[in-house]
Protein chains: 2
Amino acid sequence: MNSISELQDFIINGHKHYMPHISIDAAIFGYHDHQLKILLSGYKAMGGYCLPGGYIKRTETLDEAANRIVAESTSLTDLYLKQYKTFGDPDRIKWNELDFEKFSKEVGVPYIKDSWLIDQTISVGYYALTDFSLVTPKAGLLSDSCNWFNIDKIPPLLYDHDQMVKDSLHTLRTQLYYYPIAEKLLPAKFTLTEIHAVYETLLGKKLDIRNFPKKLVFLGLIKKLNEKRNIGPHRAPFLYKFDLKKYTKALETGTTLT
Amino acid sequence: MNSISELQDFIINGHKHYMPHISIDAAIFGYHDHQLKILLSGYKAMGGYCLPGGYIKRTETLDEAANRIVAESTSLTDLYLKQYKTFGDPDRIKWNELDFEKFSKEVGVPYIKDSWLIDQTISVGYYALTDFSLVTPKAGLLSDSCNWFNIDKIPPLLYDHDQMVKDSLHTLRTQLYYYPIAEKLLPAKFTLTEIHAVYETLLGKKLDIRNFPKKLVFLGLIKKLNEKRNIGPHRAPFLYKFDLKKYTKALETGTTLT
DNA sequence: CTTTATTGTGTAAAATTTACCAAATAGAAA
DNA sequence: TTTCTATTTGGTAAATTTTACACAATAAAG
């Protein structure tokens with residue numbers, strides 16, 4: 001939790017810099033070595049976990065705001081980041097004057113009537129992807145903790161964030177063959193075994209180790225390099241790199257890459 | 001244009017019923033007999049055309065608001081309707097005090113300083129689909145006209161609405177095999193030739209007349225009925241109907257239907 | 001030079017897509 | 001009645017793509 005004065009200023013003057021009624025919530029997925037995790041913020045005052053989120057500055061585009069919000073909890077920018085859906089049920093967040101009074105008391109801030117934070121908010125959902133081993137999660141201005149959770153051990157989340165996780169993961173999986181999603185997850189030069197593991201883990205299912213890379217190479221999404229990597233007492237695997245031009249070209253023409 | 005008093009009330013008191021900073025813009029596509037059109041609202045005060053749009057009531061979900069907004073210009077509800085993207089560049093709408101003063105003068109409403117309409121708005125993009133021959137377009141509270149435009153004769157639109165048309169059409173086309181999009185465009189019982197024409201027109205390309213229906217039947221998306229239609233001096237074609245269960249099941253399991 | 005673990009080529013079988021011929025109508029015209 | 005015209009469809013061969021899997025090719029340690 002940040003300084004009380006900073007929080008207080010946000011509650012009183014936030015609407016001058018941020019737009020009310022609209023927030024961004026980010027499903028930040030982390031991959032490393034066959035494991036898929038998601039970043040969750042803990043809120044003591046509300047007694048539960050949420051996806052990291054925040055408001056949009058009046059000077060920012062949505063993508064810029066999402067980048068900033070992701071950076072606040074990961075300290076990383078330039079992750080693979082994509083908008084997937086906007087959530088706008090008026091009942092999705094039940095956050096009325098009473099809740100706000102309770103919240104103010106919990107965090108030790110004087111209660112402010114008619115705060116810009118009261119009232120319904122529509123939330124633009126983004127998902128992001130990174131290597132979780134590179135990230136030391138950081139709690140935000142309003143949250144008390146921030147940690148990686150294994151994708152199949154997610155606690156029940158507050159508000160409609162369970163639905164957000166479900167929708168974002170579904171989008172991530174369907175877009176895996178259309179966008180260079182895995183590109184930010186791997187070093188510039190990687191082996192077939194490495195990219196195979198990424199796809200298997202993100203999709204949550206087995207893929208034939210021999211046919212899978214053939215497909216990617218055939219589609220031109222990755223290119224074989226004339227280099228090998230030394231991996232100890234085994235045959236040295238060739239290195240590959242992404243061909244990002246292929247993705248953009250395929251997206252323009254609308255070609256299917258599955 | 002509606003009554004001045006109604007418009008004036010909207011400008012002064014709108015924020016009590018609608019959320020500021022967030023709007024919905026709908027790309028309403030109309031199909032009929034091999035033709036694809038789009039519905040555009042004309043604004044004299046701004047000298048151009050836009051997609052029909054509106055604000056979100058504080059009691060509505062996004063889908064409900066989109067339905068209402070679509071109904072305002074088409075007088076129809078229950079069209080195929082889908083959210084595709086949210087647009088949030090702070091520069092996407094340049095609508096400052098000066099513009100608003102000019103607008104107020106044009107429509108003959110006293111100028112109100114600090115109106116809730118001033119300032120940037122984020123817009124949630126929806127697309128809808130209907131049979132344009134069933135629709136008599138209707139201008140809204142702020143617009144002066146509303147008409148169908150052939151999809152390849154769209155005038156340059158205001159703000160970022162050209163991009164919206166492009167994105168929405170792209171989404172419509174990619175989703176055509178995954179969702180029962182054409183279902184609302186055809187009678188409950190239709191011939192293969194009819195659905196073939198719908199797909200060709202919406203996709204903007206030729207599809208093999210013999211293989212195309214075989215695919216739909218094989219996938220189980222449409223079912224052959226034991227009835228024929230009389231079409232004059234030619235062989236009577238069989239009638240088919242959509243199997244909506246197949247779509248929902250395929251969406252659950254994430255199966256690809258292309 | 002054998003063993004072990006992993007990479008990666010090649011290929012045959014299975015499944016799917018594509019192209020298109022020709023038969024089956026239904027009524028109009030001869 | 002018999003042709004003629006326009007359209008709907010069944011069927012099928014060829015082309016392409018996907019899937020399964022045998023086994024050859026390392027690299028280094030023992």
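To find a chain, count down the sequence lines: A is the first, B the second, and so on, and within it residues start at 1. The structure displayed is predicted, hence computed values, not measured ones.
In this structure, A:F218 atom CZ and C:dG10 atom P are separated by 16 Å, rounded to whole Å. Separating the CG atom of A:N230 from the P atom of D:dA27 is a distance of 9 Å, rounded to the nearest angstrom. Note: NZ (B:K228) to P (C:dA24) measures 12 Å, nearest angstrom. The distance between atom CG of B:L207 and atom P of C:dA19, rounded to the nearest whole Å, is 11 Å. Atom NE2 in A:H196 sits about 13 Å away from atom P in C:dG8, given to the nearest Å. Atom CZ of A:R210 is separated from atom C1' of D:dA24 by 13 Å (rounded to the nearest Å). Here the P atom of nucleotide C:dA19 and the NZ atom of B:K206 are 15 Å apart, to the nearest Å. In this structure, CG of A:L216 is placed 15 Å from C1' of C:dG8, rounded to the nearest angstrom.
Not counting sequence neighbours, A:Y43 has no partner by the ring pair (Phe, Tyr, Trp, His ring centres under 6.0 Å) test. Under the rule for a salt bridge (charged side-chain N to carboxylate O under 4.0 Å, His left out), B:K228 has no partner lying at least two apart in sequence or in another chain.
Of the candidate nucleotides C:dG27, D:dA20, C:dC20, C:dC20 has the atom lying nearest to any side-chain atom of B:D208. Which of C:dA19, C:dG27, D:dT18 sits closest to the side chain of A:K215 comes down to D:dT18. Here the nucleotide nearest the side chain of B:P233, chosen from C:dA28, D:dC21, D:dT12, is C:dA28. Minimum atom distance to the side chain of B:I231 is reached by D:dT8, of the listed D:dT8, C:dT6, D:dC21.
Where A:K214 and A:R235 each meet DNA chain C at their nearest nucleotide, the meeting point lying more 5' is that of A:R235.
Residue A:T191 is out of contact with every strand shown, counting any heavy-atom pair closer than 4.0 Å. Residue A:I209 is classed as having no contact, given no heavy-atom separation below 4.0 Å to the nucleic acid.
Between the side chains of A:Q175 and A:Y80, no donor-acceptor pair is found at a separation under 3.5 Å. In the model, A:D167 has no side-chain atom that pairs as donor or acceptor with a side-chain atom of A:Y127 under 3.5 Å. For the 3.5 Å distance criterion, the side chains of A:S133 and A:D131 qualify, holding a donor opposite an acceptor.
The base of D:dA20 sits with one of its N or O atoms less than 3.5 Å from a complementary donor or acceptor on the side chain of A:N211.
Note on B:K224: every side-chain N or O is 4.0 Å or more away from OP1 and OP2 of D:dT8.
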